[in-house]
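Keep in mind the model is a prediction, meaning the values are calculated, not measured. What you see below is based on every heavy atom in this structure, not just the backbone, and it leaves out hydrogens, waters and symmetry mates.
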Amino acid sequence: MSTSYTDFIGEVQHRIEAGTQAEAVRTTRAVLETLGERVGDGGATDIASPLPMEVDRYLLAADHGQTYDYDAFVDRVLERLNYDDLDLDASYGRPSNIDRSEAVYRIKAVVELVSERVPGGELAHAEEQLPGEYGDMFEFVDAETKPWEEA
């Protein structure tokens with residue numbers, strides 16, 4: 001299922017209930033860069049291929065194949081979400097105040113969206129590269145009702 005960059009980021013924005021598109025972009029980038037670091041080069045390419053070009057680069061540009069546990073994965077995403085920027089007047093430059101539980105939710109939401117866009121088991125191949133403790137990251141993938149679908 002092909003999707004445009006605008007549609008992809010809009011869906012992330014909806015799922016995480018972000019106030020701005022910039023927040024959705026920051027979340028997408030934080031999660032996919034970190035995932036790209038953790039999986040091998042081939043896994044990152046498999047996941048990235050069907051994604052919009054503006055999104056797939058987060059996976060492809062990462063330093064692939066790093067080894068760290070799920071807690072460190074969450075820490076890296078959290079650090080990327082809460083970065084400080086010198087341009088505090090720009091909406092993209094404001095540091096976020098995301099806590100750990102919100103970061104975990106955002107990871108799960110982005111991974112689930114990627115699973116919808118990546119055909120036939122490519123995400124599963126990447127998941128197989130990860131230790132079992134990463135299973136939590138894929139919680140929404142097989143959930144019958146997603147949190148953003150609930151009324």
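Here the shortest heavy-atom pairing between Ala103 and Ile98 reads N-CG2, 3.7 Å. Nearest heavy atom pair, residue Glu133 against residue Tyr70, reads OE1-N, 3.1 Å. Closest heavy-atom contact between Phe140 and Lys146: O-NZ, 2.8 Å. For Gly43 against Val39, the heavy-atom pair with the smallest separation is C-CG2, 4.1 Å. The minimum heavy-atom distance between Ala62 and Gly36, with the atom names listed, is CB-C, 3.5 Å. In terms of heavy-atom proximity, Arg15 sits nearest to Leu113 at NH1-N, 3.2 Å.
Glu127 contributes atom CD, which lies 9.5 Å from atom OG of Ser115 (distance to the nearest 0.5 angstrom). Note that CZ of Arg29 and CG of Leu81 are 12.0 Å apart. Values are rounded to the nearest 0.5 Å. Interatomic distance, Leu130 CG to Leu35 CG, rounded to the nearest 0.5 Å: 7.0 Å. One distance of note links CG of Asp136 with CD1 of Ile107; it measures 9.0 Å at 0.5 Å rounding. Remark: Glu54 CD to Tyr5 OH distance equals 6.5 Å, nearest 0.5 Å. Between atom CD of residue Glu37 and atom CZ of residue Arg76 there is a gap of 5.0 Å, rounded to the nearest 0.5 Å.
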Could you walk me through whether Val114 and Phe8 pass side chain to side chain contact (heavy atoms under 4.5 Å, CB included), step by step?
CA-CA 9 Å; Val114 168; Phe8 190 95; 4.1 Å; yes
Worked check of side chain to side chain contact (heavy atoms under 4.5 Å, CB included) between Tyr58 and Val25:
CA-CA 11 Å; Tyr58 301 139; Val25 170; 3.7 Å; yes
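Not one N or O on the side chain of Lys108 forms a donor-acceptor pair closer than 3.5 Å with the backbone of Phe138. With Asp41 contributing its side chain and His64 its backbone, the two residues share no donor-acceptor pair below 3.5 Å. Although no hydrogens or angles enter the test, the distance criterion places a donor-acceptor pair under 3.5 Å between the side chain of Gln129 and the main chain of Gly40. A donor-acceptor pair under 3.5 Å links the side-chain atoms of Gln66 to the main chain of Asp63, judged by distance alone.
Asp71 CG: more than 12 foreign heavy atoms inside a 6.0 Å radius. Taking a 6.0 Å sphere around CD of Glu17, one finds it holds 12 or fewer heavy atoms contributed by other residues, nucleotides or ligands.
A single hydrophobic cluster is not seen to contain both Leu51 and Leu60; linkage of ILVMFWY side chains at heavy-atom distances under 4.5 Å, directly or through other members, places them apart.
Looking at heavy atoms from C-beta onward, Gln13 lies out of side-chain contact with Glu23 at the 4.5 angstrom threshold. Side-chain contact between Glu116 and Glu112 is present, with at least one heavy-atom pair separated by less than 4.5 Å. A 4.5 Å side-chain heavy-atom check between Asp75 and Glu79 finds every atom pair outside the cut-off. Here the side chains of Phe73 and Asp69 are not in contact, with every heavy-atom distance at 4.5 Å or above. In this structure the side chain of Thr34 reaches within 4.5 angstrom of the side chain of Tyr68, judged on heavy atoms. Looking at heavy atoms from C-beta onward, Asp56 lies out of side-chain contact with Ile47 at the 4.5 angstrom threshold.
Under 4.0 Å is where a charged nitrogen must lie from a carboxylate oxygen, and between Arg106 and Glu102 at least one such pair does.
Between Arg26 and Gln21, the side chains place no donor N or O within less than 3.5 Å of an acceptor N or O (distance only, hydrogens not considered).
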